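What follows is a single structure, written as structure tokens, with notes after it.
The figures that follow rest on heavy atoms only: side chains count, while hydrogens, waters and symmetry mates do not. These numbers come from a predicted model, not from an experiment. Here is how names work: the chains are called A, B, and so on, in the same order as the sequence lines, proteins then strands, and each is numbered from 1.
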2 protein chains.
Amino acid sequence: MEKKQIQEQRMRGYFIEATKNILRSEGVQGISVRRIADEAGYSFATLYNYFRDVRQLIFICVGDFQEECRARIAQQAATIPPGKEHLKTVLKGYLEYFTEYPGIFQLFFIEKLTDISTSRDTADRIYGFLDTLCDADWQYLIDQGDLTPELVALRRQMANNLTAGLLLFYLHRLSPGDWPTFVNQAALQIDTLLIG
Amino acid sequence: MEKKQIQEQRMRGYFIEATKNILRSEGVQGISVRRIADEAGYSFATLYNYFRDVRQLIFICVGDFQEECRARIAQQAATIPPGKEHLKTVLKGYLEYFTEYPGIFQLFFIEKLTDISTSRDTADRIYGFLDTLCDADWQYLIDQGDLTPELVALRRQMANNLTAGLLLFYLHRLSPGDWPTFVNQAALQIDTLLIG
DNA sequence: ATGTATTCTGAACAATGTTCAATATATTTG
DNA sequence: CAAATATATTGAACATTGTTCAGAATACAT
């Protein structure tokens, strides 16, 4: 009976797509069960036949957005060999993605995680996401003998923290005030981290 | 008729104190108008005689917590002369304060700012807070000729971003998992930033 | 003490997420 | 093809949220 599975998956897809559209355009504050169902063309009660609750639905969107982000960055950095330049491209792509979709950044880092999932796994997956994107490059720097493992571990943490902070300040405080300045400052800070 | 003013201020104080207690112990998710009023010993409707809405109440708490944090750090760093060591103490005190009260960190950085205030001022005050605490030290480093103004501007931004990121990861992802490790890593990262 | 001003409060409203019994639709069976 | 059964969809209903407002309780003034 795989027909059932296909139909069910399609239904889930409608709700997921609706949710992602709202998140992309309006962020988390645009989300409500009735709104999602409206957008999907069903009653709000129908949603509960396909998802435990709205948190599960949002949780799925987090995964989808991560995949989207990962794919985009992979394409941007495809031609660059591993190492510092590749790493810079990844970080820049990461910053680009979330500044294009501030609502998704908010969903990832700002929203109370308990609203998405209480599991520790979820937090790890969200907060460890950037690190997984950079993993190969850091490893490469160790293998090349450019940097000691201890130094890489430190820089790695700093890169994660710095990036999160950059987005937090830019998207929430609008500091710096415009995109070119932001990119400029971000590049400077990342350079400082990688070279210094 | 200043008696009225005093009484009114006292009433406001009851609600503010109740709100602060909840924020300290349970964070933003513990907040509700009825809960605050209960804690203050009044009906929820009474709250609206003294505050425009709950956002104004929370906004006041933000200011109070900042003052509390500032005072504590000032005391910790009182005996240290301006410069890098003083700066480190301030940053450490800042990290300490928010790890002691994770709910306040959440209130400051995680909660949707629109839930507190829509004004740009508020965002500036929250996100610029750490920077004001460090202002004198950065200025000192320039005046001493230790670092160029441009270099200080860069490090300054990095310090803000790094600190926010550190707290974000520690409090949300529990990474690193324990307090001593966190302090250790934080110190290392700050040293790297200031020396390197 | 009586009348007026002020302060306090529960009822009520709209919006939220969620549940559930009933309705509508699909599927199977005779 | 019709009847019976299983499944899918739905709105009504509930609890909880922030907020408003008319009236009740209290304080103050005459």
Measure from [atom1] on [X] to [atom2] on [N] and round the result to the nearest Å.
{"X": "B/Glu8", "N": "D/dA27", "atom1": "CD", "atom2": "P", "result": "17 Å"}
{"X": "B/Gln29", "N": "D/dG18", "atom1": "CD", "atom2": "P", "result": "13 Å"}
{"X": "A/Lys4", "N": "C/dT28", "atom1": "NZ", "atom2": "C1'", "result": "11 Å"}
{"X": "B/Ile58", "N": "D/dT17", "atom1": "CD1", "atom2": "P", "result": "14 Å"}
{"X": "B/Gln5", "N": "C/dT6", "atom1": "CD", "atom2": "C1'", "result": "15 Å"}
{"X": "B/Leu57", "N": "D/dT19", "atom1": "CG", "atom2": "P", "result": "10 Å"}

Report which part of the nucleic acid B/Tyr50 touches: base, sugar-phosphate, or nothing (heavy-atom distance under 4.0 Å, all strands).
-> sugar-phosphate

May I have the list of side-chain donor-acceptor pairs in residues 14-21 of chain B shorter than 3.5 Å, sequence neighbours left out?
{"unit_1": "B/Thr19", "atom_1": "OG1", "unit_2": "B/Phe15", "atom_2": "O", "d": "2.7"}
{"unit_1": "B/Lys20", "atom_1": "NZ", "unit_2": "B/Asp64", "atom_2": "OD2", "d": "2.9"}
{"unit_1": "B/Asn21", "atom_1": "ND2", "unit_2": "B/Glu17", "atom_2": "O", "d": "3.4"}

Under the side-chain contact (heavy atoms from CB on, under 4.5 Å) test, residues paired with B/Asp178 that sit two or more places apart | B/Pro180, B/Thr181

A/Asp137 and A/Lys84 ion-paired at < 4.0 Å = no

Using 4.0 Å as the upper bound for N to carboxylate O, is an ion pair formed by B/Arg72 and B/Glu67?
-> no

B/Tyr94 and B/Phe98 aromatic ring geometry - parallel, tilted or perpendicular at 30°/60° bounds = perpendicular

Please set out all donor-acceptor pairs under 3.5 angstrom arising from side-chain atoms of residues 37-45 of chain B, sequence neighbours excluded.
{"unit_1": "B/Glu39", "atom_1": "OE1", "unit_2": "B/Arg35", "atom_2": "NE", "d": "3.3"}
{"unit_1": "B/Ser43", "atom_1": "OG", "unit_2": "B/Ala45", "atom_2": "N", "d": "3.1"}

Per-nucleotide protein contact along nucleotides 9-19 of chain C, 5' to 3', at a 4.0 Å heavy-atom cut-off (B base, S sugar-phosphate only, - neither), is BBBB---SBBB

Mind listing the residues from residues 13-24 of chain B sitting with a heavy atom below 4.0 Å of DNA chain C? Number order is fine.
-> none

Measure centre to centre between the rings of B/Tyr101 and B/Phe105, then say whether the value is under 6.0 Å.
-> no

Inter- and intrachain pairs under salt bridge (Lys or Arg N to Asp or Glu O under 4.0 Å), touching residues 6-15 of chain A, at least two apart | none

